[in-house]
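Chain letters run A, B, ... following the sequence lines, proteins first and then strands; every chain starts at 1.
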2 protein chains.
Amino acid sequence: MKKAYLDNIATTLVLPEVLEAMLPYFRDVYGNPASLHDWGDGAREAIEEARGQVAALIGSRPEEIIFTGSGTEANNFAIKGLAQAQQSRGKHIVISGIEHFSVLHSAKTLEKRGFEVTRIPVDRHGLVHPDAVAKSLREDTILVSIMHANSEVGTIEPIAEIAKVVKRAGALFHTDAVATGGTIPIDVKELEVDALSLAANQFYGPKGVGALWLRKGTRIIPLLDGGVQEEGRRAGTENVPAIVGMGKAAELARQGMSPRTAHLSRLRDRLIQGLIATIDHTILTGHPGQRLPGNASFCIEFIEGEAMLMLLASEGIAASSGSACTSRALKTSHVLTAMGIPPEIAQGSLLFSLGVDNTEEDVDYVLEALPPIVDRLRQMSPLYGKFLKSQRGVR
Amino acid sequence: MKKAYLDNIATTLVLPEVLEAMLPYFRDVYGNPASLHDWGDGAREAIEEARGQVAALIGSRPEEIIFTGSGTEANNFAIKGLAQAQQSRGKHIVISGIEHFSVLHSAKTLEKRGFEVTRIPVDRHGLVHPDAVAKSLREDTILVSIMHANSEVGTIEPIAEIAKVVKRAGALFHTDAVATGGTIPIDVKELEVDALSLAANQFYGPKGVGALWLRKGTRIIPLLDGGVQEEGRRAGTENVPAIVGMGKAAELARQGMSPRTAHLSRLRDRLIQGLIATIDHTILTGHPGQRLPGNASFCIEFIEGEAMLMLLASEGIAASSGSACTSRALKTSHVLTAMGIPPEIAQGSLLFSLGVDNTEEDVDYVLEALPPIVDRLRQMSPLYGKFLKSQRGVR
């Protein structure tokens, strides 16, 4: 059976060059970077090279990169660590309603510790408007966190514009760039944020490693207490092979960004146009233009999404209905809800997230496999009557 | 030049079988375990197999294992998460004075949040006495954390006896088993603790993965908020290859524990006897009998330890002066201080931690290389006069 992996939002594959770069740090240079001997020296040098590679990807200084164990950890660290470091100045935090759960739930944890959180609405394309941010800011606002792009619907947020608003108010600004880091160009100097989260497994690096970029001089309270690793900001023996892999993946992403973007956008547009042409009552979700190159997200009306995923999986096609972090919770996406999409439409959510190894054949295979699945499910759906009625209306 | 790695306390090598087991999860089964398709299914099954392997190592149920990103994270999670979950019952915590920094500093963080921490003294062998624990317990004591063994001096603590005392008082009991997990037999039912931390890179598994064993039904507040991974207790995409590696390492440790222990103890005793016989004014630190099989820790008087490490490194020998997590801080070990060893002796701390691939030749190489280094350093030392005087006293 043909197989096509179009679930790169959940995690990308690890490029062979990345794995090659990691292997010596399992096999030979297995020391602890903190150790004062050859085994440690080699590991330490490798980490510092990786730090430089990740810094180069986002235009930062190497010493501003703090390696973490995941994008989720980077987000928890940023939200909780910055809020706690600033709490003598105020206890108000602003986030958007479409953040990843690692930001949403970190904010919720802070609420339990006496912080106040404002959640900004988004428009029907998932855009956070700088005006809405401006309106939310108060004297005691210490931290704003708005994601760089939403990976479920692909919308890229106007971070640089929002940053100007936040800066004027004197609050810190964090952006979750897990969906964009290594995928679209990022320059922290242009974005003018204070902190930015990355995850290697979103740009063909390994799982188990992420990074928080933190502007030099910004105070943060550690999430992981212990040894003096990462300048005392993140304790625990460094995951050397994974960090090396993240560095290599960052280097490859920086060098290959422009051809990768062209490839992904071409496939994305072919998939979007093809699906909308062949399956009626298909709505593209997210911003039509300002979107991630690999993101083709839809709501297919009169369908229950999970069943669609199962049938696609039985045809060898990997897709998702949104964030993998909640796929087993079977809830309507909070992102689609925040965009004003009614539950009966949101339940037909279907997300294809393309990766560098996808081909036109993969896209054509989806375009061939999906319509009969949709037909079959619509016939079985309790909404079938409604669907037929809508059809008569159309014709 | 001959090379000998005797710094297994800092991190062990990754066994070839462990790396072999990990590789498919980089190359082929690279999906997110949360995803609803083949790529995810394979990853999820692999994690559950590893969970079973780690559970078997410590005699627990699989569902009681929560994978983390390191031993440090497991300790932070246990201390902070259990304390926060219990805080309506009281705010008093008990730890020993020789805990790893991930426990010590987590407790310090809790102090800043209004908890009270009692630090129990140890005897000159580094033993925590159950009586001392009993004396420290109060009505409002909610959590006790005593390490299973101290990896710096090798002393194994009487955890099962301490557990009885703690249980009687109705507090939760956590033990940091990073130094013992996979090295000496552990059965959580016999230890009668409520939570236990492990790190794979202490038993020939990869860096970047640890585990917290948590007794079924014990409430804990997550350290990492976000997705619903690990039954909602630890968010973030699972580090599948590393978890698989930890599982494999656990299986190998369980199967090979008895020959490994025999091998390590033999080398350890050869090293201890050899060093004490050839270098005068050498003190074995830690408990003479109740100690980790691979631990040979000393204080060599009239020496500054860091210089000794450098010269050993220049002979190709990896050793340490204590915890790698603080080796760059160049402070006197808090463990030796807590054991009552005066600073001028503690500064000559030297720790050889043996691993499964060490040989008699490695030990003999150390026994040959170290005496001239010690001679040379003693002659350069400001304490040389005192040393000569002590020599005259001896002879």
| Greatest number of heavy atom pairs closer than 4.5 Å to chain A - which of B/Ser106, B/Ala313, B/Pro206 | B/Ser106
| request: Measure B/Ala319 against the heavy atoms of chain A and call it side chain, backbone, both or neither at under 4.5 Å. | output: backbone
| So which part of A/Asn8 gets closer than 4.5 Å to some heavy atom of chain B, the side chain, the backbone, both or neither? | neither
| field | Distance, nearest 0.5 Å, that separates NZ of B/Lys112 from CD of A/Gln84 | value | 10.0 Å
| task | Return the option, out of A/Gly71, A/Ser314, A/Ala235, A/Ser70, with the maximum number of heavy-atom pairs under 4.5 Å with chain B. | result | A/Ala235
| Greatest number of heavy atom pairs closer than 4.5 Å to chain A - which of B/Glu238, B/Arg113, B/Met22 | B/Arg113
| message | If you count heavy-atom pairs within less than 4.5 Å of chain B, which of A/Ile243, A/Asn239, A/Val14 leads? | response | A/Asn239
| query | In this structure, which one of B/Lys80, B/Glu73, B/His105 forms a side chain to side chain contact (heavy atoms under 4.5 Å, CB included) with A/Leu224? | reply | B/Glu73
| remark: Counting heavy-atom pairs under 4.5 Å with chain B, the top scorer among A/Leu23, A/Thr12, A/Thr11, A/Asn76 is A/Asn76
| task | Considering only heavy atoms and a distance below 4.5 Å, find which of A/Gly208, A/Gly316, A/Gly210 pairs most often with chain B. | result | A/Gly208
| Would the number of heavy atoms belonging to other residues, nucleotides or ligands and lying under 6.0 Å from CZ of A/Arg219 be above 12? | no
| request: Counting only heavy atoms closer than 4.5 Å, note whether B/Glu99 contacts chain A via side chain, backbone, both or neither. | output: neither
| Is it the side chain or the backbone of B/Phe77 that comes within 4.5 Å of chain A heavy atoms, both, or neither? | neither
| note | From the list B/Gly245, B/Gly31, B/Pro16, B/Pro222, the residue making the most non-hydrogen contacts under 4.5 Å with chain A is B/Gly31
| task | Sort A/Ala318 into side chain, backbone, both or neither according to what part of it lies under 4.5 angstrom from a heavy atom of chain B. | result | both
| request: Measure the shortest side-chain to side-chain distance between B/Trp39 and A/Lys3 over non-hydrogen atoms and say whether it is less than 4.5 angstrom. | output: yes
| field | Residue selection (most heavy-atom pairs with chain B, distance under 4.5 Å) from A/Asp38, A/Val103, A/Leu223 | value | A/Leu223
| said: Quick check on B/Asp28 against chain A: is it the side chain, the backbone, both or neither that has a heavy atom closer than 4.5 Å? | reply: neither
| field | Side-chain touch A/Asp225/B/Lys108, heavy atoms, less than 4.5 angstrom | value | no
| Is any side-chain heavy atom of A/Tyr5 less than 4.5 Å from a side-chain heavy atom of B/His37? | yes
| said: Quick check against the 3.5 Å criterion: does A/Lys207 have a side-chain atom that pairs as donor or acceptor with the backbone of B/Asn32? | reply: no
| In terms of the angle between their ring planes, are A/Phe26 and B/Phe26 parallel, tilted or perpendicular, with boundaries placed at 30° and 60°? | tilted
| So, do B/Ile221 and A/Thr109 sit near enough that their side-chain heavy atoms are less than 4.5 Å apart? | no
